[in-house]
Amino acid sequence: MSQPVEEAIKKIFPELTLTSWAQFPAIEISRDSLLSACEKLTTHPDLRFDMLVCLTAVDRTPRLEVLYHLRSTTHGHELIVKTELDESQLEIPSVVSFWKAAELFELEVYDMFGITFTGHSDLRRLFMPDDWDGYPLRKSYKASEVADNYLKSHQLLIN
Amino acid sequence: MNMEQHIESHIIQSSDDEFIINVGPQHPSTHGVLHLQLKLDGEKIVDLRPFLGYIHRGIEKMSESLTYKQFIYLTSRMDYLSAHINNQACCLVIEKGLQTEVPERAKVIRTLMAELTRLASHQLWWGSTGLDMGAVSPFFYAFREREMILEIFEETCGSRLTMNYCVPGGVMNDIHPDFVRKVKQLIKQFRENIHEYDELLTGNPIFQSRTQGIGYLSKEDAIALSCSGPVARASGISCDVRKKNPYDAYDRVSFDEIIATEGDCFARYRVRLEEMKQSMNIIEQLIDNIPTGEYRTKIKGIIKLPVGEYYQRVETARGELGVYLVSDGSNKPYRIKFRTPNFSNLGALKPMSLGGKIGDLVAIMASLDLIIPDIDR
């Protein structure tokens, strides 16, 4: 039997406080230590988080939370890793080298929140047009204004 | 940026003997508006890049300006073949936030509807898989039973595809008096007819040679790419949410989780075919035991979830759908995220098709069973 994930996390990351996100245990990791923490999360025998179930962000102006929902298919436990970013510096290292699924997930977060993932080889707008202005899921985004401007500049507006 | 520059910027850099071909966004085998750019060396696929957004409606953004009762209807338009299961996930996450217990009768009705949805979805997939490989007759055989399911939906829910039958607290109205009889008749007929599915496609040598050993996805890749549903189970991963985190009435039924280890198109085909039989098992166990009583608990007109985060996952016909909900205490969700199965399964398209022939791409896409509105949202 594998030990509960909470105890393993406390042992491996003694400097972090364990909180919870919905029904999952959660830890908050700073941007600078994200990659070294991911290394431990994927390789440590008590953790082995080999699946990135979901990657998303929440806009809590003026800060943005990036959430990584991890799962271990060997132990069956789950964890939410949270990283807070300041609105003025929306940059975070890419985790594609740990989980291949991040390749698509990071594109979506970049498209919707404007968070740049450094180290991603093909960072582009995924859903929105390349020359779209603004990032739709940000709270400061004014949907009708942006759409109007886009249609006007492309001469697509029907009177 | 004008159109030429736009196309120019999207073209994969290629040398002289390689060339680029665009599949979609209007291509019959993509079953929607998926745009793939392939780099070819002769007939061999060297690189593949998906371009999305042709049916992006911003469901997550729209949900932020709709109340908790309203946004559920949008989710029917994500994976429209699992519309009921999407609604179920949203209702479950709201009920979790309100800490409401759903009546037993509603739980069983929801589960029955979810399994009927899965059957209908897999039947459409089976028919269109045949169609993609040039076999036209399977489509008509699949629609024979699917039509019966849609008629059952129509009688009880008033609608055939996007049913919106689930509401927070239970289901919208009670089942039609003919529901039990018609479901039993459907199961009887489908059990009698399912051998035709094997005779038409499974045993067909042309179909076998187009799917066996094609589109291999290793277990490691499936985990790393966060695949779920039949795609992951055909690569040997046990990931059925109905087994691992039972919701509604799944804790009281016994069924097998179908797992194959080959990881090719034929394995994914067999997993889905067996899943249909398991769905019938579940329906048979529940149809005679629908509890009496209320079909819905009363819920206040204006729903306000306490501040916090909520999460619920369900197994749709294509895999794991996760709903992440952040509430700020108002009557609208602050942020809602749908972790849709098709979006992560799309990532598997590249490892499956690299090194293979372009003709196999159609078979691979048929076996992935992608629903594009579920990717774009």
Side-chain angles (χ1 to χ4, degrees), chain A residues 19-24 26 42 48-60 64-65 67 69-74 76 78 80 82 96-105 107-109 111-113 122 124-132 135-139 141 143 147 153-154, chain B residues 1-2 5-6 9-10 49-58 60-62 64-65 93 96-97 219-228 232 237-239 244-245 308-313 320 322-326 328 334-340 343-344 346-348 350-351 375-377:
Chain A
T19 54
S20 70
W21 203 100
Q23 69 255 47
F24 306 113
T42 43
R48 286 210 189 285
F49 286 106
D50 47 7
M51 194 188 247
L52 178 68
V53 181
C54 184
L55 197 172
T56 188
V58 183
D59 184 358
R60 294 190 193 271
L64 269 81
E65 284 173 2
L67 299 166
H69 181 182
L70 308 177
R71 182 184 297 162
S72 161
T73 48
T74 38
E78 292 180 72
I80 299 268
K82 194 163 79 173
V96 174
S97 52
F98 301 103
W99 303 284
K100 263 194 258 177
E103 216 172 296
L104 268 177
F105 294 170
L107 289 185
E108 193 201 348
V109 175
D111 194 8
M112 292 291 140
F113 289 91
D122 184 25
R124 58 185 159 105
R125 299 298 296 243
L126 189 63
F127 298 136
M128 309 306 288
D130 285 350
D131 50 351
W132 193 259
Y135 301 98
L137 282 177
R138 293 274 285 278
K139 293 286 172 189
Y141 177 82
S153 66
H154 289 253
Chain B
M1 205 189 285
N2 64 25
Q5 284 170 322
H6 178 79
S9 69
H10 279 80
R49 255 175 115 201
F51 291 95
L52 307 171
Y54 291 92
I55 193 160
H56 175 72
R57 295 144 295 174
E60 287 171 16
K61 181 72 179 174
M62 278 198 273
E64 287 175 12
S65 54
V93 77
K96 216 176 230 180
K219 189 178 176 179
E220 291 72 31
D221 271 353
I223 293 173
L225 288 161
S226 187
C227 292
S228 58
I237 303 169
S238 154
C239 62
K244 294 206 180 286
N245 304 83
E309 297 96 7
Y310 306 95
Y311 173 77
Q312 176 68 45
R313 64 188 128 203
E320 179 185 329
V323 182
Y324 301 73
L325 198 151
V326 180
D328 61 348
Y334 183 74
R335 162 98 173 100
I336 190 151
K337 158 82 186 164
F338 300 105
R339 183 256 182 237
T340 52
F343 186 54
S344 44
L346 172 72
K350 195 174 172 182
I375 299 175
D376 281 3
R377 280 159 284 147

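From a predicted model like this one, the values you see are computed outputs, not experimental measurements.
One finds the OG atom of B:S228 at 8.5 Å from the CZ atom of A:R71 (value rounded to the nearest 0.5 Å). A:E108 contributes atom CD, which lies 10.0 Å from atom CG of B:D376 (distance to the nearest 0.5 angstrom). Atom CG in A:L67 sits 8.0 Å away from atom CD in B:E309 (nearest 0.5 Å). Put simply, CG on B:L52 and CG on A:L107 are 9.0 Å apart, with the number rounded to the nearest 0.5 Å. Of the inter-residue distances, the one linking A:T56 atom OG1 with B:E60 atom CD reads 6.5 Å to the nearest 0.5 angstrom.
With a 4.5 angstrom heavy-atom cutoff, A:A57 touches chain B only via backbone atoms. At a 4.5 Å heavy-atom cutoff, the contact between B:Y310 and chain A is made by backbone atoms alone. Neither the backbone nor the side chain of B:P351 comes within less than 4.5 Å of any heavy atom of chain A. Only the backbone of A:L52 has a heavy atom closer than 4.5 Å to any heavy atom of chain B. A:R60 touches chain B through backbone and side chain together, each having a heavy atom under 4.5 Å away. The contact between A:D122 and chain B is made entirely by side chain atoms (from C-beta outward), counting heavy-atom distances below 4.5 Å. Interface remark: B:K61 contributes backbone and side-chain atoms alike to the contact with chain A (heavy atom separation under 4.5 Å). When heavy atoms are compared at a cutoff of 4.5 Å, B:E320 approaches chain A solely by way of its side chain, counted from C-beta outward. For B:K96, the part lying near chain A is the side chain, with the backbone staying farther off; criterion is any non-hydrogen pair under 4.5 Å. Contact annotation for B:C227: only backbone heavy atoms (N, CA, C, O) come within less than 4.5 Å of a heavy atom of chain A. Of the atoms belonging to B:R313, it is side-chain heavy atoms, and not backbone ones, that fall under 4.5 Å from chain A. With a threshold of 4.5 angstrom between heavy atoms, B:Y334 approaches chain A through its backbone and through its side chain. Proximity to chain B is absent for every atom of A:F98, based on heavy atoms less than 4.5 angstrom apart. There is no contact between B:Q312 and chain A, counting heavy-atom distances below 4.5 Å.
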- Item | Working for side chain to side chain contact (heavy atoms under 4.5 Å, CB included), residues B:F51 and A:R124 | CA-CA 10 Å; B:F51 291 95; A:R124 58 185 159 105; 3.4 Å; yes
- Task: Check the pair A:V58 / B:K337 against side chain to side chain contact (heavy atoms under 4.5 Å, CB included), numbers first and verdict last.
- Result: CA-CA 9 Å; A:V58 183; B:K337 158 82 186 164; over 6 Å; no
- Message: As a quick check of understanding, evaluate side chain to side chain contact (heavy atoms under 4.5 Å, CB included) for B:F343 and A:L126, giving each step before the final call.
- Response: CA-CA 12 Å; B:F343 186 54; A:L126 189 63; 3.8 Å; yes
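Taking the six-membered ring for Trp and thresholds of 30 and 60 degrees, B:Y324 and A:H69 have ring planes more than 60 degrees apart, a perpendicular arrangement.
For the set A:S20, A:A101, A:G76, the entry with the most heavy-atom pairs within less than 4.5 Å of chain B is A:A101. The candidate from A:F24, A:W21, A:W99 with the greatest count of non-hydrogen atom pairs under 4.5 Å with chain B is A:W21.
Using a 4.0 Å cut-off between a side-chain N of Lys or Arg and a carboxylate O of Asp or Glu, B:R335 and A:E65 do not qualify as a salt bridge.
Pairing each heavy atom of B:R339 with each of A:C54, the nearest pair is CG-CB, 3.8 Å.
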